[in-house]
Amino acid sequence: MTGPAIFLLLAGLGAIAWVSARARALRLQTAARETGRRDAVHSLPGYHGWYVALWTLIPAGLFLAIWANVSPGLVTQAVLADPAAQSLPADAFSRSAVLGEARAIATGLQAGAFNPASQALVEPYRAALNSYGVAGAALALILAFAGGAYAFTRVRPDFRARTRVERLVMATLLVASLLAIVTTLGIVASLLWESFRFFSMVNPIDFLFGLKWSPQSAAMGYGNDDAFGAVPLFWGTIFIGAIIAMIVAIPLGLMSAVYLTQYASATVRKWMKPILEVLAGVPTVVYGYFAALTVAPALRDLAVSVGIHGASSESALAAGLVMGVMIIPFVSSMADDSIAAVPQSMRDGSLAMGATTSETITRVLIPAALPGVVGGVLLAVSRAIGETMIVVMAAGLSANLTANPFASVTTVTTQIVQLLTGDQEFDSAKTLAAFALGLVLFIVTLLLNIVALRVVKKYREAYE
């Protein structure tokens with residue numbers, strides 16, 4: 001029995017359990033009310049239905065999750081015990097390759113075998129997969145019936161089904177919250193540990209203040225003393241994501257929000273706002289192609305025509321301009337919502353005092369909506385700092401410390417991808433440098449959040 005089939009069957013059993021338990025609870029509660037025992041009714045029939053349905057689904061679901069991790073090993077053991085497995089190669093790598101190919105053919109992921117030994121194991125694999133699949137499905141159904149039967153016997157008017165269901169919901173919410181916290185702690189711990197290993201090989205001062213970034217030279221054995229200076233990467237990230245992109249995104253996004261909230265008619269706003277927000281849904285690789293094939297060559301030709309020498313076909317300006325267009329919706333949407341949330345009385349009061357519409361916007365609405373505007377700018381900066389594809393395709397991979405917008409530069413995220421791409425050894429400074437860069441990026445983002453929260457708190461207190 002396939003996985004989707006057993007899940008559909010369990011879902012059907014859960015629905016039947018819910019309907020049956022609810023109907024039974026309704027009958028018992030009606031009988032209790034007719035006999036004058038109204039105080040004996042504790043929970044609504046729907047809670048009894050959910051209680052029985054959860055007892056039907058949860059034990060079977062947990063078993064299937066465990067079985068999905070245990071059964072592959074049992075299937076492999078069954079195949080290895082088959083006489084056809086005696087012809088397997090002796091070394092572990094070749095044996096694993098043969099078994100993997102046989103399993104792919106047996107499950108339908110691969111049409112034919114490249115190794116004759118794999119073809120001989122296809123039928124044993126199919127037999128083992130079917131046997132353990134049926135066994136797992138049968139055990140799951142038994143657990144579902146047992147759990148549902150146990151819960152069904154507890155359905156009575158005075159049973160506190162609502163309390164049990166609500167406790168389970170609270171426990172699920174608690175687990176979800178803890179999962180997010182544990183994931184964050186795991187990421188931070190991983191960054192700290194791997195960064196500590198990196199800084200045991202490379203001086204942190206050289207890393208944070210060095211002006212030369214050349215991890216390839218360190219990997220080839222030329223030493224780590226001057227190969228991991230990350231200042232060019234930090235500058236490239238700031239230059240592209242926090243300067244050029246913000247110069248484009250903040251004015252255009254803010255002006256778009258002002259126009260849509262204060263000047264545009266309802267019909268224009270109805271069409272323009274969704275069209276503007278579509279920019280946030282365009283894949284970044286599309287922006288990257290647009291920057292690399294259209295914007296970058298146009299900027300290079302423009303620089304040459306005005307006499308700027310050394311203009312590269314991959315430039316910080318091209319990546320920053322396209323990145324700024326990409327994050328306009330982040331600024332515009334947050335500013336739009338913040339301006340629209342300003343009380344109408346503040347607008348009316350300003351206009352009643354004789355202020356023009358533009359004066360009301362610049363002196364009343366924008367200051368009052370500044371917390372939301374700052375939040376949008378922060379979101380846009382974080383999005384720009386973490387962008388990789390546009391930089392790879394339009395700005396290049398050269399770690400140059402330059403203020404020339406027509407030169408090729410790179411960013412922290414791009415170098416992280418480059419350092420971790422392919423087969424890497426995680427005991428070398430070249431690979432561990434990616435974690436150190438990630439730690440710096442994490443700290444910078446955290447500081448930006450703290451500063452933004454303080455700004456928001458300050459202005460929120462002023463206007464409440």
Side-chain angles (χ1 to χ4, degrees), residues 3-4 6-33 37-70 136-137 139-192 334 337 341 371-372 375 378-379 382 442 445-446 449-450 452-453 456-457 460 464:
I6 184 62
F7 282 116
L8 288 176
L9 184 57
L10 287 177
L13 289 176
I16 294 172
W18 187 88
V19 172
S20 303
R22 184 181 181 279
R24 176 180 171 83
L26 185 60
R27 288 197 309 270
L28 293 176
Q29 291 180 3
T30 302
R33 291 190 179 97
R37 296 185 297 114
R38 292 181 176 273
D39 56 341
V41 178
H42 180 271
S43 304
L44 294 174
Y47 284 105
H48 290 276
W50 281 114
Y51 179 77
V52 177
L54 291 174
W55 264 101
T56 303
L57 295 174
I58 291 178
L62 292 176
F63 170 77
L64 287 176
I66 297 173
W67 187 254
N69 293 282
V70 173
L139 291 174
L141 292 176
I142 291 173
L143 283 175
F145 279 113
Y150 165 75
F152 194 78
T153 59
R154 308 192 71 182
V155 176
R156 55 184 183 272
D158 60 342
F159 180 66
R160 298 177 177 272
R162 184 187 67 188
T163 304
R164 305 296 178 88
V165 173
E166 289 179 350
R167 284 179 180 175
L168 179 62
V169 172
M170 291 180 62
T172 303
L173 296 175
L174 177 61
V175 170
S177 302
L178 292 178
L179 185 62
I181 295 173
V182 170
T183 301
T184 303
L185 293 177
I187 293 172
V188 174
S190 175
L191 286 175
L192 289 174
M334 293 287 289
D337 296 338
L378 172 65
L379 180 63
S382 301
F442 173 79
T445 305
L446 180 62
N449 284 328
I450 293 173
L453 288 175
V456 169
K457 181 179 179 181
R460 181 172 295 167
E464 281 182 350

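For the numbers below, each heavy atom of this structure counts, side chains included, while hydrogens, waters and symmetry mates do not. Predicted model only: the values in this text are computed from it and were never measured.
Separating the CG atom in Leu178 from the OG1 atom in Thr183 is a distance of 10.5 Å, to the nearest 0.5 Å. The distance from the CG atom of Leu192 to the CD1 atom of Ile187 is 12.0 Å, given to the nearest 0.5 Å. Thr172 OG1 to Leu179 CG: the interatomic distance, rounded to the nearest 0.5 Å, is 12.0 Å. Note that CG of Leu378 is 9.0 Å distant from OG1 of Thr445, once rounded to the nearest 0.5 Å.
Closest of all the heavy-atom pairs between Leu10 and Ala144 is CD2-CB, 3.8 Å. Residues His48 and Val155 come closest through the heavy atom pair ND1-CG1, 4.0 Å. Between Leu64 and Gly136, the shortest heavy-atom distance links the atoms CD2-O, 4.3 Å. Among all heavy-atom pairs drawn from Ala53 and Trp18, the shortest one is CB-CB, 4.1 Å. Nearest heavy-atom pair across Ala65 and Asn69 is O-ND2, 2.8 Å. Taking each heavy atom of Leu54 and Pro59 in turn, the nearest pair found is O-CD, 3.8 Å.
Scanning for ring-ring contact (aromatic ring centres under 6.0 Å, His included) contacts around Phe63 gives Trp67, with sequence neighbours left out. Listed by chain and number, the residues in a side-chain hydrogen bond (donor to acceptor under 3.5 Å, both in side chains) with Arg160 are His42 (sequence neighbours excluded).
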In sequence, state the C-alpha distance, the side-chain angles, and the governing distance for Leu13 and Leu141, and then conclude on side chain to side chain contact (heavy atoms under 4.5 Å, CB included). CA-CA 9 Å; Leu13 289 176; Leu141 292 176; 3.7 Å; yes

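Of the possible donor and acceptor atoms, one in the side chain of Thr153 sits under 3.5 Å from a partner among the backbone N and O of Tyr150.
The list of side chain to side chain donor-acceptor pair (under 3.5 Å) pairs with a residue in residues 49-65, not counting sequence neighbours, reads Tyr51-Trp55, Tyr51-Arg154.
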